[in-house]
Amino acid sequence: MSANQAKPADAGMAAFIRGIPKAELHLHIEGTLEPEMVFALARKHGVKLKYPSVAALREAYDFHNLQSFLDIYYEGANVLRDEDDFFAMTAAYVEKVHAQGVIHVEIFFDPQTHTDRGIPFETVLNGIRRGLDEAREKLGISSRLILCFLRHLSAAAAQRTLDQALSHKDAICAVGLDSSEVGHPPSTFSEVFRHAREAGFLTVAHAGEEGPPEYIYQALDDLKVSRIDHGVRSDRDPDLCRRLAAEGMPLTVCPLSNVKLAVFKRMEDHNLKRLLDMGLCVTVNSDDPAYFGGYILENFLEAQRALGLTRADITLLAGNSIKASFLPLADKKLWLDRIERYAASAA
Ligand code: ADE
Ligand code: ZN
């Protein structure tokens, strides 16, 4: 290995990362649909796919920006037709991350991707919920659900989706904003988000993935979010970074996603460590793991390797994931104590 070639995480570090209790806060459930399941569901429902094989589909996962990914992501979601499909997808995800030390998940779902194809809102919600209920019973993983509005569609369409969610307030904890960012500023959705907050939902939003710092300001000031999803472009604005740090505003960062979608050319260029060192509440997440080459563990491992993260950094990131979650304070305290004891016993 030459001097400037990156080294893989050593076995001790990898075991430390796997074992530390952590929460995943930025995960699109439709982005966990592995090519094998796409093909199995296509067969089940008689859907004709553009790709001849699992391998050909996987090879198509060669993205150059967010839109090039979204085009293929929405096509993949087209094979989800009945409640069992949403259940199977969710069950497969929680089983994977259970083996990676995840103890709590906060999951995005995109109802409009399905309701616009004639799939009832309740079919989507009930299937995902059933998968999460089973995760709680069988694996001890707790969860929250976040309904995302597709920002390439109108505010009126988002409002209609919110209206559908109003009778499921027990099952959905927050609303978010995802899909094509540039040209679709958060402020477009100010009124829908106000209605959502008035109905008792928390709010989050994708901002500063490809979009400018201005979109992060809008998410904070107009949508009154509790977390910024991605937010990596905040580093172009020192005042914004100072504000995010002072407010303890979490950023749900997704390292592999950012490299796959060319937000950063190489993992070595990622600003995760710089943001962490500036005092921002950074968390590590997987975004769309079936498409980006890894689940939360692989995100931690790649970031650790490329950025030289220490055990103290990993412990901070795991603690941030709990602090930034929507868990009750008592649960946060319990998990933060466990993380502290885990790190101390591994030292
Ligand atoms: N939907 C699924 N993944 C997304 C991402 N990374 N950004 C915006 N919308 C998304
Ligand atoms: Zn995302």
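Numbering of ligands and ligand atoms starts at 1, following listing order. One-based numbering along the sequence shown.
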task: Measure the distance from atom 9 (N) of ligand 1 to every protein heavy atom, then report the residue, atom name and distance (to 0.1 Å) of the closest one.
output: Ser179 N, 2.8 Å
message: On a heavy-atom basis, which atom in Leu66 and which in Ser180 lie closest, and how many Å separate them?
response: CD2-CA, 4.2 Å
message: For atom 6 (N) of ligand 1, what is the closest protein heavy atom, and at what distance to 0.1 Å?
response: Asp287 OD2, 2.7 Å
- line: To atom 2 (C) of ligand 1, the nearest of His152, His28, Glu210, His26 on a heavy-atom basis is His28
field: Heteroatom N/O/S of His28 within less than 2.8 Å of the Zn ion (ligand 2)
entry: yes
message: With a cutoff of 4.0 Å, is Phe108 in contact with ligand 1, counting heavy atoms of the residue only?
response: no
- prompt: Do any heavy atoms of His230 fall under 4.0 Å from ligand 1?
  reply: yes
field: Close approach, Asp229 and ligand 1, non-hydrogen under 4.0 angstrom
entry: no
message: Considering both backbone and side-chain atoms of Asp110, is one of its nitrogen or oxygen atoms within less than 3.5 Å of a nitrogen or oxygen in ligand 1?
response: no
query: Do any nitrogen or oxygen atoms of Ser257 come within less than 3.5 Å of a nitrogen or oxygen of ligand 1?
result: no
- prompt: Is it true that Phe39 and Tyr51 have ring centroids separated by less than 6.0 Å?
  reply: no
task: Go through ligand 1 atom by atom and flag the ones less than 4.0 Å from a non-hydrogen atom of Asp288.
output: 2 (C), 3 (N), 4 (C), 6 (N)
message: With a 6.0 Å cut-off (strictly less than), is the heavy-atom count around CD of Glu298, excluding the residue itself, greater than 12?
response: yes
- request: Number the atoms of ligand 1 from 1 as they appear, then name those within less than 4.0 Å of a heavy atom of Glu209, with their elements.
  value: 5 (C), 6 (N), 7 (N), 8 (C)
His206 and Phe108 aromatic centres sub-6.0 Å: yes
Approximate separation, where rounding is to 0.5 Å, of Ser345 OG and Arg338 CZ: 12.5 Å
- request: For the Zn ion (ligand 2), decide whether His26 has an N, O or S atom at a distance under 2.8 Å.
  value: yes
field: Option among Pro186, Pro185, Ser187 that satisfies the side-chain contact (heavy atoms from CB on, under 4.5 Å) test with Asp222
entry: Ser187
query: Does Arg144 count as lying over the ring of Phe326, i.e. NZ or CZ under 6.0 Å from the six-ring centre, within 45 degrees of the axis?
result: no
task: Compute the angle centred on the Zn ion (ligand 2) spanning OD1 of Asp287 and NE2 of His206, and express it rounded to 10 degrees.
output: 170°
- request: Determine whether any heavy atom of Gly31 lies closer than 4.0 Å to an atom of ligand 1.
  value: no
message: Strictly below 4.0 Å, N to O, side chains only: are Asp269 and Arg266 in salt-bridge contact?
response: yes
- prompt: Applying the side-chain contact (heavy atoms from CB on, under 4.5 Å) test to Val253, which of His26, His270, Glu209 qualifies?
  reply: His270
query: Counting from 1, what ligand 1 atoms have a heavy atom of Leu70 closer than 4.0 Å?
result: 1 (N), 10 (C)
- request: Show the numbers, then the answer: is there a ring-ring contact (aromatic ring centres under 6.0 Å, His included) between Phe149 and Phe189?
  value: CA-CA 9 Å; Phe149 303 118; Phe189 298 88; 7.1 Å; no
